[in-house]
Amino acid sequence: MIRNEICRAVEAAALEAQRKGLLPDAALPEITVEHPPESHGDFACAFALKFARTARRSPMDIARTVIAVMQDIPEVEKVEVAAPGFINFTLKGAWLAEQVDQILQQGESFGNLDLGEGVKVQLEFVSVNPTGPLHVGHGRGAILGNTLANVLRAAGYFVEKEYYVNDAGAQMEAFYSSLYVRYQQCFGMDAEVPEEGYHGDYLVDLAGQIAEEKGDVFLRMSLDKAVAEIGVLGLDKIIEGIRGDLGRLGVVFDVWFSEKMLYTGGQYESAMNLIREKGYVVEKEGAVWFVSSEMGEDKDNVLIRSNGTPTYFASDVAYHYNKFVQRKFDRVINIWGADHQGHVPRMKAVMRALDLDPDRLQIIITQMVTLKRGDIEIKISKRAGDIITLSDLVDEVGADACRFFFLSRSLDSQMDFDLELAKKQSADNPVYYVQYAHARIASILRLAQEKGIGFQDGDVSLLVSDPELAYIRKMLEFPEIVEIVSDRLEPHHLTYYAQDLATAFHSFYKQCRVISEDPKLTAARLKLIQSARLVFARTLHLMGMNAPDRM
RNA sequence: GCGCCUGUAGCUCAGUGGAUAGAGCGCAGCCCUGCGGAGGCUGAGGUCGUGGGUUCGAGACCCACCAGGCGUGCCA
């Protein structure tokens, strides 16, 4: 990237100045460049400001000294020093124009980076208990995880997307019994869902389906057997439902990992034995504990309850043992909701207990989504029964708008999802603004094709006007966005970039007619449009969105 | 009580120590005899929660406080 080239040039110049004795021989600060406010060029470096203190020289003086010995950068038109000590770089228009050909040549690989160097990353997300349909809050994690996977792959990582199916434990038992009760009710029996069970209407529907398909067979067997068998059926249907809901949003997993397998596959024993041998396991108060307090945690955590059943936490120890030790992922990213935030330090302690570098496990916490209809907040709880499912949301708002909306806020911000507002705004939703730009481009390209205008030999050096170059500059930010999103794991930058890109395009479109009386300029601009289409498509596709040719 | 997250324009939100703090929506205007007006352009609108501190420089970093959300040893 040109950006890195400028950093290297500044660094080389600073070292050269030191070698010549023009600057003090002190350690240089980290050299970075950023995009300055407009009218200050394309890139700005604040190196001189940062170095002023250690160098005991004025920033302006340092900046002037550095640029005096700096080698020419072929892509750069001019280098200037500006108060209070910035070094500003302006790119050559001709070089910018050439980038259109470069982008076209790179095609779908434009923006791909090799930051990942093939590092094996597992991205685990959603992983909702299969006790009911996904609700609105789960959509955020789903879209986020899927988008991060897309971006990390573009950045050169090997990424596997995984859904951890919590198909073991007490929650599932409650689900199975609740389902059986609903099934009994289908046959007019006087049974009641236990208080700690699942009361949602979806279980009534599910039980009804099963009753219809299987008749009353489960009434003619022992209670234990009936609950177990109807449970398996119900679980499968719920998982299929979840898979379908995610599919509507284009979220597809590579692996569906069963919690039960940790117990039947011996991984639970292996992991427990390992941490027991290392002395991190004690028995007290009738339960088995992980002594995380010895690792700087403020409290210990129960692995096996006094009734003999393992906790979710124990499963997670085994699960992460499996991820790192058995499946040998270099890096694991888990996306959890804010309600699991207290679990993070425990898992970091587990990493240390397993002799693994805690930094290899990254846990992204997304803040809560609250759902509203106007001013009325809707409580989201499966057990309470009053839920707006993710599927309902997609029905009302549309898949692309859901994706864009979920991505458009930083992970750390809570989010009010107002259904009325989302619907009312849908015509002015930024998603349409961005997609419209793509459709507009497609329309122009269609017209060119109808008119039989070829532009393979278009000369991009004819692209010299401000709106043209401004748009090219914006396209060239795309690889930077891929880098930022993959480094910081912050997909929301994509939505802002997409809007900026659309603004730059619409502005260009207003000022520059593409298909005109001038055949050479027409060909050059058609090339620009072609590259523009590519960058829009790349950006939208990273977000899992459609890039429509018509709207 | 303690831990994590948040507080920036009327509203929803960007801004990981640098230049005059930005965008969308809303508001006040302007622009259609040209490729898609789901568009372009201009303007009004800010004690960046409060108070200290660090720094040449703080919306950003540190401390305290205020407000909201989430969590806090046998739920997940």
Side-chain angles (χ1 to χ4, degrees), chain A residues 34 36-37 39-40 44-46 49-50 52-53 58-59 82-86 88 127-129 131 166 169-171 174 196 284-290 292-293 297-307 309-316 336-346 365-368 370 405 408-416 418 421 424-425 427-437 439-448 451 484 487-488 490 492-493 495-496 499-500 502-503 505-516 522 525-526 529 550-551:
Chain A
E34 58 239 28
S39 81
H40 291 292
C45 181
L49 292 155
K50 292 178 178 136
R53 169 183 275 278
S58 83
F86 292 100
N88 294 328
S127 299
V128 177
N129 279 359
T131 53
N166 296 113
Q171 295 294 323
E196 69 282 5
K284 62 179 180 187
E285 301 166 27
V288 176
W289 299 70
F290 174 62
S292 28
S293 57
E297 268 280 277
D298 53 358
K299 55 186 181 286
D300 295 337
N301 293 283
V302 171
L303 290 165
I304 303 173
R305 301 180 186 91
S306 42
N307 69 8
T309 60
T311 60
Y312 168 89
F313 177 56
S315 291
D316 246 6
W336 294 346
D339 52 343
H340 288 63
Q341 143 265 114
H343 195 53
V344 175
R346 291 204 276 282
I365 298 297
T366 68
Q367 293 302 312
M368 309 298 276
T370 53
F405 193 95
S408 62
R409 278 156 185 75
S410 84
L411 315 169
D412 293 331
S413 298
Q414 289 166 226
M415 181 177 204
D416 279 343
D418 184 339
L421 201 63
K424 192 176 75 183
Q425 284 188 337
D428 296 316
N429 194 302
V431 66
Y432 296 104
Y433 179 72
V434 176
Q435 289 180 322
Y436 179 67
R440 228 178 191 182
I441 294 166
S443 163
I444 301 168
L445 291 170
R446 272 196 304 273
L447 182 67
K451 293 192 170 190
I484 289 170
D487 281 354
R488 302 190 210 161
E490 294 175 349
H492 68 274
H493 299 291
T495 62
Y496 288 88
Q499 288 179 86
D500 282 354
T503 299
F505 174 75
H506 288 307
S507 179
F508 154 80
Y509 173 88
K510 189 69 182 178
Q511 295 172 72
C512 302
R513 187 173 170 81
V514 177
I515 297 174
S516 67
T522 296
R525 285 183 173 165
L526 281 169
I529 294 301
R550 289 188 169 84
M551 291 173 68

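If you're wondering where the values come from, they're calculated on a predicted model, not measured in any experiment. Chain naming here is simple, since letters A, B, ... match the order of the sequence lines and numbering starts at 1 in each.
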- request: Report the distance from atom CG of L411(A) to atom C1' of G69(B), rounded to the nearest whole Å.
  value: 16 Å
message: Can you check the distance between A21(B) and U55(B), where both ends of the measurement are the P atom (answer in whole Å)?
response: 24 Å
- prompt: Under 4.0 Å between a side-chain N or O of H40(A) and OP1 or OP2 of U20(B)?
  reply: no
- request: Can you check whether any acceptor in the base of C35(B) is under 3.5 Å from a donor in the side chain of S443(A), or vice versa?
  value: no
Integer angstrom distance from the P of C62(B) to that of G43(B): 37 Å
field: Spacing of the P atoms in A58(B) and C11(B) (rounded, Å)
entry: 27 Å
task: Would you indicate which nucleotide in A14(B), G40(B), C70(B) comes nearest to any side-chain atom of S410(A)?
output: A14(B)
message: Taking only side-chain N and O atoms of R513(A), does any of them lie within less than 4.0 angstrom of OP1 or OP2 on G36(B)?
response: no
field: Separation between OG of S127(A) and NE2 of H340(A), rounded to the nearest 0.5 Å
entry: 9.5 Å
- request: Classify the angle between the aromatic ring planes of Y496(A) and H492(A) as parallel (below 30°), tilted (30 to 60°) or perpendicular (above 60°).
  value: perpendicular
task: To the nearest Å, give me how far apart NE2 (H493(A)) and C1' (C13(B)) are.
output: 13 Å
message: When the C1' atoms of G24(B) and C5(B) are compared, how many Å lie between them, rounded to an integer?
response: 24 Å
field: Base paired to C4(B) (Watson-Crick or G-U; both N/O distances under 3.5 angstrom)
entry: G69(B)
task: State whether S413(A) places a side-chain N or O below 4.0 Å from either non-bridging phosphate oxygen (OP1 or OP2) of A14(B).
output: yes
Torsion-based syn/anti label for C32(B), 90° from 0 as limit: syn
- request: Taking atom C1' in both C31(B) and G51(B), compute the distance separating them and give it to the nearest angstrom.
  value: 49 Å
query: How close do K299(A) and S292(A) get, heavy atom to heavy atom, and via which atoms?
result: O-OG, 2.9 Å
query: Does S507(A) have a side-chain nitrogen or oxygen under 4.0 Å from the phosphate oxygens OP1 or OP2 of C41(B)?
result: yes
query: Is D316(A) salt-bridged to R346(A), cutoff N-O under 4.0 Å?
result: no
message: So, OP1 or OP2 of G40(B): does either fall under 4.0 Å of a side-chain N or O from Y433(A)?
response: yes
Separation of the P atoms in G52(B) and G15(B), to the nearest angstrom: 27 Å
message: By nearest heavy atom, map V514(A) and N307(A) onto RNA chain B; which one lands nearer the 5' end?
response: V514(A)
- prompt: Does the ring of Y496(A) meet both stacking tests against the six-membered base ring of A14(B): centre distance under 5.5 Å and plane angle under 30°?
  reply: no
query: What orientation do H343(A) and F313(A) show, parallel under 30°, tilted 30 to 60°, or perpendicular over 60°?
result: perpendicular
query: Which heavy atom in R305(A) sits nearest to a heavy atom in P310(A), and how many Å separate them?
result: NH1-O, 3.1 Å
query: Quantified in whole Å, what is the C1' atom distance between nucleotide U20(B) and nucleotide G69(B)?
result: 35 Å
message: Is the phosphate of C35(B) approached by R525(A) (side-chain N or O, under 4.0 Å from OP1 or OP2)?
response: no
task: Report the distance from atom CD of Q414(A) to atom P of C5(B), rounded to the nearest whole Å.
output: 13 Å
message: As a test of reading the structure: which of G36(B), G69(B), G15(B) is closest to the side chain of Q367(A), going by heavy atoms?
response: G69(B)
- line: In Watson-Crick or G-U wobble terms, with both distances under 3.5 Å, the base opposite G39(B) is C31(B)
message: Measuring only the C1' atom in each nucleotide, how far is U6(B) from A14(B)? A whole number of Å is fine.
response: 14 Å
- prompt: Which sits closer to the 5' end of RNA chain B, M551(A) or S516(A), going by the nucleotide each is nearest to?
  reply: S516(A)
